[in-house]
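Here's the structure, in structure tokens; my notes come after.
As the structure is a prediction and not an experimental result, all values here were calculated from the model.
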Amino acid sequence: MPESTVILNAVGLQRALTRIAHEIAERNEGGGDVVLVGIQTGGVAVAARLAQHLSSIVGFPVPAGSLDVGMHRDDLDQRAAPKIHPTEIPFDVTGKTVVLVDDVLFSGRTIRSAMDALNDFGRPKRIQLAVLVDRGHRELPIKADFVGKNQPTSPAEKVHVRIGEAGREDEVVLERP
């Protein structure tokens with residue numbers, strides 16, 4: 001049976017999201033041209049929460065969408081048919097600062113896929129990356145602009161982000177084999 005450790009409880013998770021939202025507002029001079037795009041599946045809930053926090057900081061609604069990267073992955077030949085989730089970007093990304101949002105940053109391959117997929121929707125002025133947990137082990141030269149928690153892990157460990165799951169408190173759990 002795997003051993004689990006809570007690395008962010010509900011209060012810590014809220015604090016991390018609030019800090020990320022403030023950093024996004026500061027770096028983007030009030031956030032007037034900022035849109036958030038959560039990467040399916042884990043980044044969507046994180047992006048929705050970040051949009052709420054950021055909207056309360058800047059004083060106007062910050063658009064949030066979702067992006068599926070399944071068909072843009074570089075390992076399609078090594079997997080069974082990818083499970084496709086909805087992509088909903090109900091705004092134009094052209095000329096905007098797009099903050100890609102994911103729950104956990106690991107190898108960087110999902111982020112590379114997300115940048116490829118995002119190009120199908122327009123040409124952003126700038127792309128930034130916000131992640132709740134950065135666990136290291138990068139295989140590509142990708143670095144998050146905004147990080148909730150740096151959590152060094154071994155490749156065998158797993159990080160589970162639980163936000164808005166029915167009947168559960170928000171938390172981030174590190175699972176060891």
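- Within a 6.0 Å sphere centred on CD of Glu29, other residues, nucleotides and ligands contribute 12 heavy atoms or fewer.
- Using a 4.5 Å cut-off on side-chain heavy atoms (C-beta onward), Asp145 and Glu23 make no contact.
- Taking the side chain as every heavy atom from C-beta outward, Ile163 and Arg49 approach each other to under 4.5 Å.
- For the atom pair Ile24 CD1 and Leu50 CG, the distance stands at 5.0 Å (nearest 0.5 Å).
- A distance-only check finds a donor-acceptor pair linking the side chain of Arg19 to the backbone of Gly148 [under 3.5 Å].
- Considering all non-hydrogen atoms of both residues, Gly95 and Asp33 come closest at O-OD2, 4.0 Å.
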Contacts table for residues 127-135: side-chain donor-acceptor under 3.5 angstrom, sequence neighbours left out:
residue, atom, partner, partner atom, Å
Gln128, OE1, Asn28, ND2, 3.0
Gln128, NE2, Asn28, OD1, 3.3
Asp134, OD1, Gly136, N, 3.0
Asp134, OD1, Arg138, NH1, 3.3
Asp134, OD1, Arg138, NH2, 2.8
Asp134, OD2, Arg138, NH2, 2.8
Arg135, NE, Thr153, OG1, 2.9
Arg135, NH1, Glu157, O, 3.1
Arg135, NH2, Thr153, OG1, 3.2
Arg135, NH2, Ser154, O, 2.9
Arg135, NH2, Glu157, O, 2.8

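- The two atoms that bring Val93 and Phe121 nearest to each other are CG2-O, 3.2 Å, heavy atoms only.
- Considering CZ of Arg162 and CG of Asp103, their distance stands at 11.5 Å, rounded to 0.5 Å.
- Proximity of Ser4 to Leu174: side-chain heavy atoms (C-beta onward) are nowhere separated by under 4.5 Å.
- Here the shortest heavy-atom pairing between Gln40 and Pro86 reads NE2-O, 2.8 Å.
- Rounding to the nearest 0.5 Å gives a distance of 9.0 Å between CG of Leu105 and OG1 of Thr110.
- No more than 12 heavy atoms of other residues, nucleotides or ligands shown are found within 6.0 angstrom of CD on Glu169.
- Side-chain contact between Val46 and Ile20: absent, with no pair of heavy atoms (C-beta onward) separated by less than 4.5 Å.
- Using a 3.5 Å distance cut-off with no hydrogens or angles, the side chains of Arg123 and Thr94 do not pair a donor with an acceptor.
- The two atoms that bring Val147 and Ala144 nearest to each other are CG2-CB, 3.6 Å, heavy atoms only.
- Between Val35 and Val99 there is no side-chain heavy-atom pair separated by less than 4.5 Å.
- Using a 4.5 Å cut-off on side-chain heavy atoms (C-beta onward), Val101 and Ile39 make no contact.
- Clustering of Ile, Leu, Val, Met, Phe, Trp and Tyr side chains at separations under 4.5 Å leaves Phe106 isolated, with no partner residue.
- Closest heavy-atom contact between Pro124 and Leu118: CG-CD2, 4.0 Å.
- Taking NE2 from His53 and CG from Leu17, the interatomic distance works out to 5.0 Å, rounded to the nearest 0.5 Å.
- The CD1 atom of Ile84 sits 5.5 Å away from the CE atom of Met71 when rounded to the nearest 0.5 Å.
- Under the 3.5 Å distance criterion, the side-chain polar atoms of Glu175 are left unmatched by any main-chain donor or acceptor of Val159.
- Ser66 places no side-chain N or O within 3.5 Å of a backbone atom of Val44 that could act as its donor or acceptor partner.
- Taking both residues in full, the closest heavy atoms of Ala47 and Ala64 are given as O-CB, 4.3 Å, listed atom of the first, atom of the second, then distance.
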**Prompt:** Between Leu8 and Val161, is a side-chain contact (heavy atoms from CB on, under 4.5 Å) present by the stated rule, with each step listed?
**Reply:** CA-CA 9 Å; Leu8 278 177; Val161 176; over 6 Å; no

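- Here the CD-CG distance, from Gln52 to Leu36, works out to 11.0 Å after rounding to the nearest 0.5 Å.
- Under a 3.5 Å cut-off, the side chain of Asp170 and the backbone N or O of Ala10 do not form any donor-acceptor pair.
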Next item on the list: Quick one: do Val34 and Lys96 satisfy side-chain contact (heavy atoms from CB on, under 4.5 Å)? Show the steps, please.
Entry: CA-CA 6 Å; Val34 171; Lys96 302 285 187 187; over 6 Å; no

| For Arg176 and Thr5, what are the C-alpha separation, side-chain angles and deciding distance, and is it a side-chain hydrogen bond (donor to acceptor under 3.5 Å, both in side chains)? | CA-CA 8 Å; Arg176 294 177 181 89; Thr5 305; 2.9 Å; yes

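- A heavy-atom distance below 4.5 Å is found between the side chains of Val37 and Phe91.
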